[in-house]
Q: 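Can you keep this structure in mind? I'll have questions shortly.
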Amino acid sequence: MKFKTEIKVIDGNPDLSFLLSENKKLFVTDENIFALKSLEKFFKNFSVLNKINSGNTQASLYSNKNNALIVIPAGEKYKTIDTVLAIIKAALAFSLTRKDIFTAIGGGVITDLTAFASSIYKRGAKVEFVSTTLLGMCDAAIGGKTGCDFEDYKNIAGTFFPADRLYVFPEFVKSLSDKEYISGLAEVIKTALLFDKKLFNLLETQKEKVLSRDSEVIYKMISLCVKAKTKIVKKDLTEKKERMLLNLGHTFGHALESRAGLGVLTHGECVAWGTCRALDLSQKLGLCSYDYFERVKKVSASYGYETDVVHKAFTDSKAILETMKNDKKNSSSKIRVILQRGLCKNIITEIEDEKILEALI
Ligand code: GLY
């Protein structure tokens with residue numbers, strides 16, 4: 001399978017009217033996006049039709065000639081198989097064929113769910129995305145990972161199914177809460193550390209403009225992330241090799257996220273903390289300099305992230321280690337981590353427990 005998404009980064013206020021089509025289409029969004037002032041005109045094109053019930057998911061269905069719109073409740077809580085089936089029910093209600101398009105408008109939850117539904121609908125229809133969050137634009141919407149959560153497992157059911165098209169409107173990030181925006185920035189920092197010195201320099205030198213979401217700076221920052229992520233997934237869509245690098249900070253971070261209790265900390269807070277742990281481990285193993293570790297900590301701290309090992313949600317080193325061992329990405333009894341020799345000098349390796357513990361004290 002090849003990565004074949006056509007990506008457009010579009011400056012200025014988002015106008016989605018070009019997406020309405022004479023051909024059949026199912027738009028999928030959530031209640032938060034549906035309520036956005038900036039999209040009021042677009043959603044006014046649709047009139048209320050009925051409700052769709054699927055297990056614990058109650059969604060609303062709207063229509064406009066050949067186009068339908070399903071609005072689902074917002075949040076990770078609804079990233080379930082029930083919601084995937086609600087989307088499929090909507091597609092069936094409108095007799096979509098596999099040549100028709102599912103259009104997701106939203107963040108990572110919406111794009112993952114819609115692409116998953118599209119990938120299994122009649123054995124694979126078409127899908128396109130309008131990404132509305134920083135995390136989605138820089139990471140989740142690029143690379144074909146689809147899925148939903150099940151029981152306590154995040155994204156445990158899913159497929160690789162790249163979107164046909166992705167529209168990125170950087171201006172959408174101005175509608176995010178500070179918490180959501182800062183959470184997304186952790187993936188931007190990760191991308192800079194892995195692949196882009198220019199982007200890291202921007203984060204180091206233009207903090208005020210990044211934080212105030214200056215239009216020119218967010219356009220540049222997001223464009224650089226799109227370019228870096230696209231390059232990696234073109235080389236390794238199904239995560240056999242290079243794509244694993246994108247897990248920098250995630251093995252430590254996911255462990256903190258689940259030890260804190262899912263939903264207590266943002267994904268970004270945990271990734272930023274985890275990235276510092278990966279670099280602490282790198283310097284303790286003599287791979288990178290202490291100065292580099294300190295430089296990364298300084299940038300992360302400047303965006304408000306917790307960078308020291310003792311985090312407010314930290315339980316204890318052994319508990320974090322145990323959770324890291326259960327990470328679905330490990331292939332042997334050792335823990336797979338991404339380490340660095342310096343900026344953009346990346347290593348994929350497996351490490352013994354004792355060494356991991358040294359980075360957790
Ligand atoms: N978010 C990591 C990846 O797309 O592989």
Side-chain angles (χ1 to χ4, degrees), residues 24-36 39 43 46-64 66-98 100-133 135-136 140-141 144-163 180 183 254 257-258 260-267 326 328:
K24 279 189 183 164
K25 232 183 205 199
L26 174 63
F27 289 88
V28 182
T29 197
D30 69 30
E31 286 165 353
N32 290 346
I33 301 296
F34 190 63
L36 279 184
L39 292 182
F43 287 127
F46 295 87
S47 14
V48 184
L49 205 60
N50 56 27
K51 296 270 175 219
I52 288 194
N53 293 322
S54 167
N56 288 325
T57 301
Q58 268 99 55
S60 303
L61 194 58
Y62 298 76
S63 75
N64 164 24
N66 288 334
N67 296 176
L69 164 70
I70 178 170
V71 181
I72 61 180
E76 185 81 25
K77 189 172 158 219
Y78 292 96
K79 197 175 182 188
T80 59
I81 199 72
D82 285 343
T83 308
V84 173
L85 296 177
I87 297 170
I88 287 178
K89 276 190 180 185
L92 278 175
F94 273 79
S95 311
L96 258 70
T97 70
R98 62 159 77 131
D100 297 321
I101 303 175
F102 290 60
T103 305
I105 306 174
V109 171
I110 290 294
T111 52
D112 280 12
L113 285 170
T114 308
F116 186 27
S118 173
S119 76
I120 56 176
Y121 183 71
K122 300 190 176 176
R123 301 209 171 85
K126 298 197 175 303
V127 66
E128 64 185 8
F129 296 158
V130 176
S131 181
T132 58
T133 60
L135 186 71
K145 284 187 180 175
T146 85
C148 68
D149 305 337
F150 184 62
E151 296 184 339
D152 280 339
Y153 300 95
K154 277 187 87 168
N155 300 323
I156 199 71
T159 53
F160 280 103
F161 195 71
E180 240 182 322
S183 177
H254 280 155
E257 206 170 348
S258 66
L262 282 183
V264 172
L265 300 175
T266 65
H267 180 66
N326 290 334
K328 62 183 180 299

Q: If you count the non-hydrogen atoms of other residues, nucleotides and ligands that lie under 6.0 Å from CG in N56, is the total more than 12?
A: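 Result for CG/N56: open.
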Q: Kindly give the heavy-atom pair with the smallest separation between L61 and A90, and that separation in Å.
A: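 Between these two residues, the closest heavy atoms are CD1-CB, 3.8 Å.
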Q: As an exercise, state the distance from CG of N155 to OG1 of T146, rounded to the nearest 0.5 Å.
A: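 Reported value, rounded in 0.5 Å steps: 8.5 Å.
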Q: Would you confirm whether N67, through its side chain, and N64, through its main-chain N or O, come within 3.5 Å as a donor-acceptor pair?
A: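 Here the side-chain-to-backbone pair does not exist.
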Q: If you take all heavy atoms of L113 and C148, which pair is closest and at what distance?
A: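 Closest heavy-atom pair between L113 and C148: CD2-CB, 3.9 Å.
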Q: Look at atom NZ of K77 and say whether more than 12 heavy atoms of other residues, nucleotides or ligands are closer to it than 6.0 Å.
A: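 At most 12 heavy atoms, drawn from other residues, nucleotides or ligands, come within 6.0 Å of this atom.
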Q: If you look at every heavy atom in P162 and V127, which pair is closest and at what distance?
A: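 Taking every non-hydrogen atom into account, O-CG1, 4.3 Å.
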Q: Is it the case that the side chain of S119 and the backbone of G124 share a donor-acceptor pair, with hydrogens and angles ignored and the cut-off at 3.5 Å?
A: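 The answer is no, because no donor-acceptor pair under 3.5 Å joins these two groups.
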Q: Within the side chain of S118, is there an N or O that forms a donor-acceptor pair under 3.5 Å with the backbone of T114?
A: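 No; zero donor-acceptor contacts below 3.5 Å.
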Q: Looking only at non-hydrogen atoms, find the nearest pair between E76 and D149 and report the distance.
A: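 Heavy-atom minimum between the residues: OE2-OD2, 2.5 Å.
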Q: Counting distance only, does the side-chain N/O of T83 pair as donor-acceptor with the main-chain N or O of K79 below 3.5 Å?
A: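 No, T83 side chain to K79 backbone: no donor-acceptor pair under 3.5 Å.
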Q: What distance separates F94 CZ from K89 NZ, expressed to the nearest 0.5 Å?
A: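 Going from CZ on F94 over to NZ on K89, the span is 15.0 Å.
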Q: Output yes when a side-chain donor or acceptor of S60 lies under 3.5 Å from a complementary backbone atom of V71, and no otherwise.
A: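 Not at all, since once roles are kept as given, no pair shorter than 3.5 Å links the two residues.
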Q: Compute the ring centroids of F43 and Y62, then answer whether they are less than 6.0 Å apart.
A: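 Aromatic pair excluded; centres sit 6.0 Å or further apart.
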Q: Less than 6.0 Å separating the ring centroids of Y121 and F102?
A: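 Yes, ring centres under 6.0 Å apart.
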Q: Side-chain donor-acceptor pair under 3.5 Å between T57 and S54, yes or no?
A: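 Not at all, the side chains of T57 and S54 share no donor-acceptor pair under 3.5 Å.
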